*Asks:* 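Have a look at the structure that comes next, please.
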Amino acid sequence: MTDTTSVAASVPMVLADGVSKSFGTNEVLKSISLEVKRGEVMCLVGPSGSGKSTFLRLINHLEILSAGRLSVDGDLVGYRETAGKLYELKPKEASMQRRDIGMVFQRFNLFPHMTALENVMEAPIRVKGQPKQEVRKRALELLARVGLAERADYYPAHLSGGQQQRVAIARALAMDPKLMLFDEPTSALDPELVGEVLDVMKELATSGMTMIVVTHEMGFAREVADSLVFMDGGVVVESGDPREVLSNPTHERTKAFLSKVL
């Protein structure tokens, strides 16, 4: 008898096969193929406009594929396959799929009229219909986990950028995602606030969360990531162990990019 647990564990958390995306005549992603294992932390690096953020948005079906296939935990993202043909999911079905994927953006996108605690509680109550008291207890635990237990009743306007971003991470975790996507989560922060957000992300990685991180923080990539992918012009130029790629890049384009950011 097959051990279903070991079979499930062998299924990649994210599998991209020939993923392409165009906006009109602008081809932003050109046949990207990569795999993210369960519990892996992958960092995507590269110049602005290289397609990194678009790739993240495709994983969450915030954008629609132009070509190729993308699956999360063995399920096609945004589509179902019947008799060899792909059919796009209805918006409600796509939203159900999206519940399992947490996403943290550059901008914190917190509800300004809600406290930190209310921001974290909103989705589990509204989307999952969980009991309010249960959600409140969990939300307080998550705020403590990101170091904001004393700020639960503060509104976003009274929190620093780093604190708002940590609330945004707690909010994403409140849905118990199987995968976390981070789109340059520290790029909008003052330099002295970057570390507090990266510390929370390091703790998440240590806990075994599968993460894909678009970042310019090479120190974080070197220390925390299991794999590093350098993208440019919509293609994967180079990938591998972060310490190896950052110390000994083989591609001239990677060398040129790293010489400017390291």
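Hydrogens, waters and symmetry mates are skipped; everything else that's a heavy atom, side chains included, is used. Keep in mind the model is a prediction, meaning the values are calculated, not measured.
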*Asks:* With a 4.5 Å cut-off on side-chain heavy atoms, are I64 and H61 touching?
*Replies:* yes

*Asks:* Take atom CZ in R107; do more than 12 heavy atoms of anything else shown fall under 6.0 Å from it?
*Replies:* no

*Asks:* For the atom pair CZ (R166) and CZ (R145), what is the distance rounded to the nearest 0.5 Å?
*Replies:* 14.0 Å

*Asks:* Using modelled atom types and a 3.5 Å cut-off, is there a donor and acceptor pairing between side-chain atoms of T210 and backbone atoms of G39?
*Replies:* yes

*Asks:* Could you check whether any side-chain heavy atom of V213 comes within less than 4.5 Å of a side-chain heavy atom of F220, counting everything from C-beta outward?
*Replies:* yes

*Asks:* Atom CZ of R222 and atom CD of E244: how far apart are they, to the nearest 0.5 Å?
*Replies:* 10.5 Å

*Asks:* Start with the C-alpha distance between E40 and S227, add both sets of side-chain angles, then the distance that settles side chain to side chain donor-acceptor pair (under 3.5 Å), and finish with yes or no.
*Replies:* CA-CA 8 Å; E40 180 179 346; S227 58; 2.5 Å; yes

*Asks:* With side chain to side chain contact (heavy atoms under 4.5 Å, CB included) as the test, pick out the partner of F230 among L246, L258, T254, V235.
*Replies:* T254

*Asks:* What I'd like to find out is whether the side chain of L29 reaches to under 4.5 Å of the side chain of F55, using heavy atoms alone.
*Replies:* yes

*Asks:* Closest approach of M211 and L204, non-hydrogen atoms and distance?
*Replies:* SD-CB, 4.0 Å

*Asks:* For the pair F257 and H216, name the ring-plane relationship: parallel under 30°, tilted 30 to 60°, perpendicular over 60°.
*Replies:* tilted

*Asks:* Set out, in order, the CA-CA distance, both residues' side-chain angles and the distance that settles salt bridge (charged side-chain N to carboxylate O under 4.0 Å, His left out) for D73 and R38, then state yes or no.
*Replies:* CA-CA 9 Å; D73 201 16; R38 223 167 275 271; 2.7 Å; yes

*Asks:* If I compare all heavy atoms of V224 with all of A205, which pair ends up nearest, and what's the gap?
*Replies:* CG1-CB, 3.5 Å

*Asks:* Mind checking whether V167 and R151 have side chains closer than 4.5 Å, heavy atoms only?
*Replies:* no

*Asks:* Quick one: CG on L44 to CG on D183, what's the gap to the nearest 0.5 Å?
*Replies:* 9.5 Å

*Asks:* Determine whether K137 and E134 satisfy the following criterion, salt bridge (charged side-chain N to carboxylate O under 4.0 Å, His left out), listing intermediate values before the conclusion.
*Replies:* CA-CA 5 Å; K137 182 173 180 286; E134 191 180 295; over 6 Å; no

*Asks:* Answer yes if the side chains of E238 and T250 hold a donor-acceptor pair under 3.5 Å, and no otherwise.
*Replies:* yes

*Asks:* When rounded to the nearest 0.5 angstrom, what distance separates CG in L34 from CG in L15?
*Replies:* 8.5 Å

*Asks:* Could you tell me whether the side chain of K52 and the main chain of M231 form a donor-acceptor pair under 3.5 Å?
*Replies:* no

*Asks:* Are V229 and V245 grouped together when hydrophobic residues (ILVMFWY) are joined by side-chain heavy atoms under 4.5 angstrom apart?
*Replies:* no

*Asks:* Go through M180 and L173 one step at a time and tell me if the side chain to side chain contact (heavy atoms under 4.5 Å, CB included) criterion holds.
*Replies:* CA-CA 8 Å; M180 284 285 284; L173 292 174; 4.1 Å; yes

*Asks:* Just so I know, are the side chains of E196 and V200 near enough to count as touching, which here means a heavy-atom distance under 4.5 Å?
*Replies:* no

*Asks:* Once you round to the nearest 0.5 Å, how far does OG of S66 lie from CD of E27?
*Replies:* 8.0 Å

*Asks:* Are L189 and L148 connected, step by step, through hydrophobic side chains (Ile, Leu, Val, Met, Phe, Trp, Tyr) whose heavy atoms are closer than 4.5 Å?
*Replies:* yes

*Asks:* Linking I/L/V/M/F/W/Y whenever any side-chain heavy atoms sit under 4.5 Å apart, do I212 and L198 land together?
*Replies:* no

*Asks:* Dump the intermediate steps for side chain to side chain contact (heavy atoms under 4.5 Å, CB included) on L70 and V14, then the final yes or no.
*Replies:* CA-CA 7 Å; L70 192 51; V14 178; 4.3 Å; yes

*Asks:* Honestly curious: do M121 and L140 fall in one hydrophobic cluster under the side-chain, below-4.5 Å linking rule?
*Replies:* yes

*Asks:* Provide the closest heavy-atom pair for A170 versus L142 in the form atom of the first, atom of the second, distance.
*Replies:* O-CD1, 3.6 Å

*Asks:* Between I169 and M201, is there a side-chain heavy-atom distance shorter than 4.5 Å?
*Replies:* yes

*Asks:* For atom CZ of R136, is the number of surrounding heavy atoms from other residues, nucleotides or ligands below 6.0 Å larger than 12?
*Replies:* no

*Asks:* State, with a plain yes or no, whether a side-chain heavy atom of L110 is found less than 4.5 Å away from one of R171.
*Replies:* yes

*Asks:* When you measure from the side chain of Q164 to the backbone of L159, do you find a donor-acceptor pair of N or O atoms at a distance under 3.5 Å?
*Replies:* yes

*Asks:* Once salt bridge (Lys or Arg N to Asp or Glu O under 4.0 Å) is applied, what residue pairs with a partner in residues 75-90 remain, sequence neighbours excluded?
*Replies:* R69-E81

*Asks:* Which of these, V28, L62, V214, sits in a side chain to side chain contact (heavy atoms under 4.5 Å, CB included) with T54?
*Replies:* V28

*Asks:* So, the side chain of K132 versus the backbone of I125: is there a donor-acceptor pair under 3.5 Å, distance only?
*Replies:* no

*Asks:* Which atoms form the tightest heavy-atom contact between V197 and G162, and what is the distance?
*Replies:* CG2-O, 3.7 Å

*Asks:* Taking all non-hydrogen atoms of both residues, which atom of P242 and which atom of A221 are closest, and how far apart?
*Replies:* CB-O, 3.4 Å

*Asks:* Please assess L228 against V45 for the test side chain to side chain contact (heavy atoms under 4.5 Å, CB included), listing each intermediate value before the final yes or no.
*Replies:* CA-CA 7 Å; L228 184 138; V45 304; 3.9 Å; yes

*Asks:* For residues S160 and Q163, report the shortest heavy-atom separation together with the two atoms involved.
*Replies:* N-OE1, 2.9 Å

*Asks:* Quick check for you: to the nearest 0.5 Å, what is the distance between E63 atom CD and S53 atom OG?
*Replies:* 10.5 Å

*Asks:* For K37 and D226: C-alpha separation, side-chain torsions, deciding distance, then whether salt bridge (charged side-chain N to carboxylate O under 4.0 Å, His left out) applies.
*Replies:* CA-CA 10 Å; K37 297 183 179 68; D226 300 297; over 6 Å; no

*Asks:* Are V72 and M209 co-members of a hydrophobic cluster defined by side-chain heavy atoms under 4.5 Å apart?
*Replies:* no

*Asks:* Any side-chain heavy-atom pair from F105 and R57 closer than 4.5 angstrom?
*Replies:* yes

